[in-house]
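Single-structure report; data block below.
Everything numeric here is computed off the predicted structure, so don't read it as measured data.
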There are 2 protein chains.
Amino acid sequence: MAEATLQSQTRADEAFDCLQTAIVTGELAPGEKIGEVELCSRFNLTRGPLREALGRLESRGLLVRRPHAGVKVVSVSAAELLELYRIREVMEGLAARQAAERMTDEEIAELQATLDSHEKMIEQAQGQAYYQAEGDYDFHHRIATGSRNAKLAQMLLGDLYYMVRMYRYRLSTSAGRPHLALREHRRIVEAIAQRDGDLAEFLMKRHINAARINIEKKIEEGVLTI
Amino acid sequence: MAEATLQSQTRADEAFDCLQTAIVTGELAPGEKIGEVELCSRFNLTRGPLREALGRLESRGLLVRRPHAGVKVVSVSAAELLELYRIREVMEGLAARQAAERMTDEEIAELQATLDSHEKMIEQAQGQAYYQAEGDYDFHHRIATGSRNAKLAQMLLGDLYYMVRMYRYRLSTSAGRPHLALREHRRIVEAIAQRDGDLAEFLMKRHINAARINIEKKIEEGVLTI
DNA sequence: CTGGGGTATTTTGTTGACAATAAATGGCTC
DNA sequence: GAGCCATTTATTGTCAACAAAATACCCCAG
């Protein structure tokens with residue numbers, strides 16, 4: 001159960017965190033209709049802060065609200081998920097370019113270190129699941145913040161990634177291609193280390209495009225039913 | 001004064017609309033610290049719905065909140081404003097591409113019609129101010145929705161445009177180049193009408209890049225002090 | 001006169017009760 | 001028996017009072 005991560009600054013923040021992780025992990029399934037009182041007892045909250053959190057979640061597109069009719073978790077169709085990747089492609093392309101221009105040498109070294117640890121995890125075979133789920137997220141997270149573009153990072157980290165992760169938890173998006181994905185990551189970091197913004201953008205766009213095509217293929221094969 | 005636009009479905013929606021327009025129009029200045037009780041009396045609201053609205057506004061990045069210390073309107077620096085245009089460049093580039101692929105012939109005709117009316121306004125000289133402020137917004141709005149990419153439209157219309165408009169109200173972003181901007185708009189629509197996604201994306205990116213450079217120049221000249 | 005500490009005040013955060021609206025159920029008519 | 005309308009019920013929206021926290025002010029010491 002998604003308890004409050006440490007102590008949040010305020011009850012509303014706590015509610016927000018709880019609900020967000022609950023939605024992302026699938027504890028609250030897409031399309032599920034949820035009552036306010038039920039949520040209150042479930043997360044030990046009162047309705048005031050809860051409603052504030054619900055507003056924030058709605059504003060971020062994680063749930064939809066119909067006046068007087070309750071709130072339900074947003075359910076993203078397969079087509080919409082693919083559209084999300086189209087957005088990621090251009091936004092993360094920009095992030096990679098700006099990261100190449102602005103990341104400190106230290107940050108780049110750390111980035112390379114995380115890739116090393118990812119590689120070890122993959123070699124240990126069973127690490128695959130973790131790698132795609134969290135390692136991949138970690139990589140993209142670092143580049144988003146490395147762009148030094150506050151709004152870009154906010155939109156990626158606070159908006160898009162949550163929606164993507166929501167589905168990554170139940171379907172292994174890049175399953176079967178962890179080595180390939182890692183190699184793509186390496187090339188991107190290489191370009192960033194060489195301060196080659198053009199190349200970093202190009203490689204990142206291609207990387208995300210590949211992930212999108214991978215999902216598309218799986219959907220066609222019927223492996224993924226969203 | 002920014003009264004409730006018609007009757008919103010709920011008090012919180014009303015509060016949200018009021019505050020959003022108040023921020024965008026500059027009625028609430030950037031950096032201004034605002035107390036909850038003051039806002040309540042100002043917009044005839046009670047604190048419950050207000051707080052819900054504040055949460056939504058914060059989530060959208062229009063205001064910042066420090067626990068127990070109040071809320072103040074976000075103030076975007078010149079550098080951050082330029083970063084916003086970098087994001088617009090890639091996102092609206094994508095929007096233009098997808099619009100070229102997906103807009104109906106009817107929508108394209110309407111788009112051309114709006115450009116005609118914009119042209120008339122410019123010819124009537126005094127229309128300049130309106131054109132840049134609302135006509136330009138109208139154009140970009142139509143393309144965002146025309147992309148048929150729900151999340152992309154949501155991010156552009158619900159997030160970025162409000163921040164940009166916030167500054168467009170006090171500084172004339174594309175002042176001095178209305179004819180040029182219109183010509184660029186025409187070319188973009190032309191590419192969309194020809195279903196040339198590549199070209200539409202390219203032209204849109206160049207258009208927004210030009211707008212960014214224009215602002216950059218003004219800032220260097222000291223005309224704009226943000 | 002200036003700096004630090006403590007109290008007072010203001011403002012935010014939270015709570016539980018109340019009102020209004022939509023969904024659900026049951027009864028009535030056709 | 002089926003469909004529609006009214007009533008009931010449950011749930012959401014709203015409110016005003018209470019508690020907690022941070023800022024501001026004032027007093028005192030150096």
Checklist entry - Starting at CZ of A:Phe16 and ending at P of C:dG13, how long is that distance when rounded to a whole Å? => result 16 Å
Item to check | Residue closer to the 5' end of DNA chain C, B:Glu36 versus A:Pro67 (nearest nucleotide) | outcome: B:Glu36
Checklist entry - Just to confirm, is there a sub-4.0 Å distance from OP1 or OP2 of D:dT12 to any side-chain nitrogen or oxygen of B:Thr10? => result no
Checklist entry - Does A:Arg11 have a side-chain nitrogen or oxygen under 4.0 Å from the phosphate oxygens OP1 or OP2 of C:dT12? => result no
Checklist entry - So do the side chains of A:Leu57 and A:Arg65 get within less than 4.5 Å of each other, counting heavy atoms only? => result no
Checklist entry - Once you round it to whole Å, what is the distance between C1' of C:dT11 and NZ of B:Lys72? => result 17 Å
Item to check | Distance-only polar pair, side chains of A:Asp136 and A:His185, donor-acceptor under 3.5 Å | outcome: yes
Item to check | Base of C:dG13 paired with side chain of B:Arg47 (donor-acceptor, under 3.5 Å) | outcome: yes
Checklist outcome for this item: To the nearest angstrom, the CD-P distance between A:Glu58 and D:dT12 comes to 14 Å
Item to check | Sidechain N-carboxylate O distance under 4.0 Å for A:Arg142, A:Glu107 | outcome: no
Item to check | C:dT12 phosphate, OP1 or OP2, under 4.0 Å from B:Arg51 side-chain N/O | outcome: no
Item to check | Short side-chain N/O contact to C:dA23 OP1/OP2 from A:Arg66, under 4.0 Å | outcome: yes
Checklist entry - How close or far is atom C1' of D:dG13 from atom CG of B:Leu45, stated in whole angstroms? => result 13 Å
Checklist entry - Once you round it to whole Å, what is the distance between C1' of C:dT12 and CG of A:Asp13? => result 13 Å
Checklist entry - Hey, is the main chain of A:Asp17 close enough, under 3.5 Å, to the side chain of A:Thr21 for a donor-acceptor pair? => result yes
Checklist entry - What is the nucleic acid contact for A:Gly48, judged by heavy atoms within less than 4.0 Å: base, sugar-phosphate only, or nothing? => result base
Next on the checklist: Between P on C:dA22 and NE2 on A:His68, what's the gap in Å once rounded to a whole number?
Outcome noted: 5 Å
Next on the checklist: For A:Arg11, is there an ion pair with A:Glu14 - N to carboxylate O distance below 4.0 angstrom?
Outcome noted: yes
Item to check | Whole-Å distance separating the CD atom of B:Glu14 from the P atom of D:dG13 | outcome: 15 Å
Next on the checklist: Distance check needed: D:dT12 P versus B:Gln9 CD, whole Å only.
Outcome noted: 16 Å
Checklist entry - Taking the nucleotide of DNA chain C with the closest heavy atom to each, which residue, A:Ala69 or A:Glu52, is nearer the 5' end? => result A:Glu52
